[in-house]
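Take a look at the structure set out below.
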Amino acid sequence: MQTRQLFHGGDYNPEQWLDRPDILEQDLELMQKARVNVVTLGVFSWALLEPEEGVFRLDWLADIIHKLYERGISTILATPSAARPAWLAHKYPEVRRVRADRVRELYNRRQNYCYTSPVYREKVRRIDQELARRFGGDPAVVLWHISNELSGECHCELCQAEFRRWLQERYGSLQALNKAWNARFWSHDYTDWEQIESPAPQGENAVQGLTLDWKRFVSSRHIDFFRFERDCVRALAPQAEFTANLMYRFHDIDYHALAKELDVVSWDSYPTWHKRGETVEETALDTAMMHDLFYSLKGKPFLLMESSPSFTNWQPVSKQKKPGIAMLSALQAVAHGSDSVCYFQWRASRGAEEKLHGAVVGHDGRTDARPFRETVQVGEALEQVAQVAASGRPKQAAILHDWSNMWALEGSSGPRNAGLGYWKELAGHYNALARAGITVDLIGQESSLEGYGLVVVPMLYLIGEEFAQRLCQFVKQGGTAVVTYWTGVVDESDLCWLGDTPHGLTRMLGLRRAEIDGMYDGEERRCSPVEGAPAALPATRASVLCEVAALDEEDPAVPLLVYDEDYFAGAPAAAVHAYGEGRAYYLASRFTPEFYESFYAEAAKQAGLAPACDQELPWGVLSSRRDGFLFLQNCTEAPVTVLGCELAGWGTGVWQETENGWEKIL
Ligand code: GLA
Ligand code: ZN
């Protein structure tokens with residue numbers, strides 16, 4: 001789906017208003033006012049599309065799709081599988097999910113169907129085919145949106161059987177499975193496939209290889225379900241393109257694997273703007289890391305599928321966006337590679353769970369309400385920078401974010417069960433690079449390292465042999481790697497690597513892990529720079545986990561930072577090692593944000609990475625690049641001057657590269 005425009009619109013749920021034709025009429029008028037050019041329809045329409053089993057009513061939807069299209073508004077059409085009608089759940093209990101404690105749910109909420117159930121798949125196939133037959137070739141439909149926010153897990157008997165089949169395929173024999181899970185421990189050897197059950201609070205939860213495989217299995221079920229629905233539609237609509245709306249810091253699905261099945265990545269972004277104790281700049285960075293992950297999944301523009309024009313109703317405290325933040329937030333998505341700004345939802349529901357969630361049009365229906373006015377402004381701004389659409393981003397730095405690693409890391413026991421703060425670790429590296437104006441991708445162990453100057457490997461506890469080799473190769477050929485503590489501990493089955501660790505990286509790093517100590521919350525060890533070291537780093541404090549490295553005897557790394565305290569005193573806390581044409585840094589612990597800022601300013605320069613903007617920027621101004629475009633965003637409330645122009649508080653400037661240099665287009 002290549003578009004020469006930026007999409008602006010959002011989730012539209014007219015099925016809630018069919019008895020109010022006046023409101024539906026008003027929607028068309030207001031959408032045009034708000035410069036809406038796309039809506040997502042049908043996400044939760046199943047009960048109306050199929051009011052009784054096998055009875056389909058699609059005319060109302062066709063009517064709305066075409067009325068919108070006549071006014072220049074395209075449709076992203078959703079399949080309705082996320083929320084099944086009551087009649088279906090009542091008649092076929094197997095479609096309802098079974099929880100980890102083996103209790104089958106009653107009919108409730110949404111996104112809780114059994115993705116394995118043949119009955120559910122058959123019902124989904126029927127409705128998807130009806131939609132595909134009717135709208136498959138319709139020029140009004142620009143993209144298909146499969147289901148909604150795929151998530152959760154089902155432990156029913158159908159899923160258990162499927163899990164055993166999946167394991168048989170993965171391991172071939174029980175012998176291989178027992179070995180991979182080290183099942184001999186506590187005498188857990190399995191002697192029949194039927195003995196294997198998914199993890200449960202009252203059941204097995206100590207065989208960590210089993211837990212890891214269960215997570216992989218659940219992820220693969222969601223991907224299989226996506227593929228199933230996509231192919232139902234595709235069979236009748238061969239030209240159709242597909243997305244699924246992904247989520248913030250999401251655990252259940254390996255998005256690198258899911259992305260292979262998508263034509264376009266999209267995601268739902270609900271930053272906690274104005275969260276107590278967090279600056280706007282910090283919230284912006286937290287969101288930027290997600291945008292960058294979603295761009296990286298396919299290495300091409302994604303869609304911002306949902307965002308709130310004002311507030312949510314599900315955060316502990318739902319702060320509304322202060323004036324100007326809606327624009328900052330919208331343009332930030334575009335700056336990081338989104339080709340859309342879409343909202344949840346167009347018009348606020350009258351009742352049920354989300355009636356008090358922010359919407360473009362509120363219950364008062366007023367166009368002078370702030371969310372509506374700001375949506376109009378965003379629409380105008382998107383038209384002004386429309387030429388950004390479809391442009392890519394430069395490849396500079398990559399941070400490893402791998403789902404298997406995250407599952408294994410968090411499912412393990414020791415050396416710190418009080419929380420490892422994996423995302424916090426990623427953010428420490430990300431924020432420093434982003435503040436330095438470096439474009440960052442978030443990639444998995446299977447991703448290519450080609451084209452990057454710097455690859456950061458934070459807490460890659462689970463490391464595959466193949467990745468370790470490719471990382472060494474990358475450095476040998478001139479790349480820069482940054483490897484942190486708690487890397488290279490276990491293999492793909494969560495079996496500890498035997499021999500020196502970080503597995504596969506010790507020669508590249510010029511050191512090995514000798515000791516590791518868990519730290520209490522708030523416990524820190526002071527570290528100071530080594531005098532005369534090749535890189536000047538600031539003094540800092542180590543927390544969470546502290547490693548002591550032993551330098552390689554033949555080809556040692558050069559310490560940059562040493563611990564000052566305790567029996568760690570004098571041991572390297574950070575080191576650098578020249579390897580082939582490149583260099584590898586080792587960071588033995590989690591340090592302060594200021595440390596990462598100095599460290600990455602230096603490491604990025606060494607790696608030859610140029611910041612997005614070649615001029616010094618005031619604090620709080622974040623810069624990012626899309627090919628041919630520069631975005632500067634003022635994440636402070638006070639106006640600043642950048643590139644000779646004034647940027648208002650929370651303002652954004654966009655420049656386009658021309659023969660005569662940077663030309664300001666917004
Ligand atoms: C998610 C869902 C939407 C809605 C919003 C509310 O993103 O996809 O249906 O519930 O959250 O924030
Ligand atoms: Zn199930």
Side-chain angles (χ1 to χ4, degrees), residues 10-13 15-16 39-46 76 78-84 89 92-105 109-121 124 145-166 197-198 200 214 217-218 220-222 224-225 228 243-250 266-273 290 294 303-316 318-321 329 342-349 352-360 371:
D11 277 25
Y12 182 35
N13 297 299
E15 63 276 348
Q16 295 176 30
V39 295
T40 305
L41 278 167
V43 187
F44 300 114
S45 303
W46 197 344
I76 297 174
T79 61
S81 61
R84 64 248 174 282
Y92 304 104
E94 74 164 56
V95 308
R96 289 187 258 127
R97 241 172 228 186
V98 170
R99 303 188 316 219
D101 63 4
R102 309 309 194 246
V103 173
R104 191 179 292 282
E105 290 190 4
R109 305 183 69 91
R110 59 176 179 174
Q111 282 136 224
N112 51 4
Y113 51 85
C114 170
Y115 33 58
T116 301
S117 155
V119 171
Y120 198 60
R121 289 199 178 204
V124 168
H145 177 298
I146 296 295
S147 212
N148 194 61
E149 296 193 334
L150 302 167
S151 52
E153 50 187 58
C154 180
H155 294 255
C156 78
E157 277 310 319
L158 296 164
C159 286
Q160 301 288 348
E162 194 57 40
F163 181 42
R164 288 176 204 122
R165 255 196 300 280
W166 185 88
E197 288 178 297
S198 64
W214 171 254
F217 166 74
V218 169
S220 78
R221 284 277 82 197
H222 283 295
D224 187 71
F225 189 80
F228 165 77
T243 192
N245 52 343
L246 312 185
M247 285 179 275
Y248 173 84
R249 293 192 179 186
F250 192 62
S266 68
W267 85 286
D268 302 340
S269 174
Y270 294 98
T272 48
W273 297 110
M290 290 297 117
F294 292 116
L303 299 178
L304 174 62
M305 187 58 83
E306 292 180 25
S307 60
S308 173
S310 48
F311 40 75
T312 68
N313 69 334
W314 49 263
Q315 288 158 357
S318 295
K319 303 294 289 178
Q320 61 174 350
K321 286 174 169 162
S329 177
C342 291
Y343 310 99
F344 176 87
Q345 60 179 332
W346 166 255
R347 183 181 282 276
S349 308
E353 173 87 5
E354 291 181 331
K355 63 184 185 297
L356 300 181
H357 192 289
V360 179

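Ligands are counted one by one from 1 in listed order, and the atoms in each one are counted from 1 as well. Because the structure is a prediction, the values reported are computed rather than measured.
- Looking only at atom types and distance, the side chain of Ser198 has a donor-acceptor partner in the side chain of His155 under 3.5 Å away.
- Below 4.0 Å from some heavy atom of Phe44 lie the following atoms of ligand 1, by number and element: 9 (O).
- With sequence neighbours left out, Tyr248 forms a side-chain contact (heavy atoms from CB on, under 4.5 Å) with Trp267, Asp286, Met290.
- Proximity of His357 to ligand 1, defined as any heavy-atom pair under 4.0 Å, is confined to the side chain (atoms from C-beta onward).
- Glu15 and Ser45 form a side-chain donor-acceptor contact under 3.5 Å, judged by distance and modelled atom types alone.
- Ranking the protein heavy atoms by distance from atom 9 (O) of ligand 1 puts Arg110 NH1, 2.9 Å first.
- When non-hydrogen atoms are compared, ligand 1 lies under 4.0 Å from neither the backbone nor the side chain of Glu353.
- Considering backbone and side-chain atoms together, Asp11 places no N or O closer than 3.5 Å to any N or O of ligand 1.
- Here Glu354 has side-chain heavy atoms under 4.0 Å from ligand 1, and that is the only part of it that gets that close.
- Checking only distances, Trp314 does come within under 3.5 Å of ligand 1, N or O to N or O.
- Inside a sphere of radius 2.8 Å centred on the Zn ion (ligand 2), the protein N/O/S atoms present are Cys114 SG, Cys154 SG, Cys156 SG, Cys159 SG.
- Looking only at atom types and distance, the side chain of Gln111 has a donor-acceptor partner in the side chain of Asn148 under 3.5 Å away.
- Contact between Met247 and ligand 1 is absent, with no heavy atom of the residue lying under 4.0 Å from the ligand.
- Shown in contact with Glu149 at under 4.0 Å from a heavy atom are these atoms of ligand 1, numbered in order with element: 1 (C), 2 (C), 7 (O), 8 (O).
- Taking CG from Leu304 and CG from Asp268, the interatomic distance works out to 8.0 Å, rounded to the nearest 0.5 Å.
- When hydrogens are left out, the protein atom nearest atom 11 (O) of ligand 1 is Glu306 OE1, 3.7 Å; that is the closest non-hydrogen contact.
- Shortest non-hydrogen contact noted between Thr116 and Cys159 is OG1-SG, 3.1 Å.
- For ligand 1, the atoms lying closer than 4.0 Å to a non-hydrogen atom of Asp268 are 7 (O), 8 (O).
- Here the SG-CZ distance, from Cys156 to Arg96, works out to 12.0 Å after rounding to the nearest 0.5 Å.
- Put simply, the side chain of Phe163 does not reach to within 4.5 Å of the side chain of Glu197, judged on heavy atoms.
- Ser81 and Arg121 share no side-chain donor-acceptor pair at under 3.5 Å.
- Across Cys114 and Glu94, no two heavy atoms sit closer than the pair CB-O, 3.6 Å.
- For Asn148, the heavy-atom gap to ligand 1 drops under 4.0 angstrom.
- Checked for salt-bridge contact, Arg109 and Glu353 meet the test: a charged N lies under 4.0 Å from a carboxylate O.
- Under 4.0 Å from ligand 1, not a single heavy atom of Thr312 appears.
- Rounding to the nearest 0.5 angstrom, the gap separating the OG atom in Ser151 from the CG atom in Asn112 is 9.0 Å.
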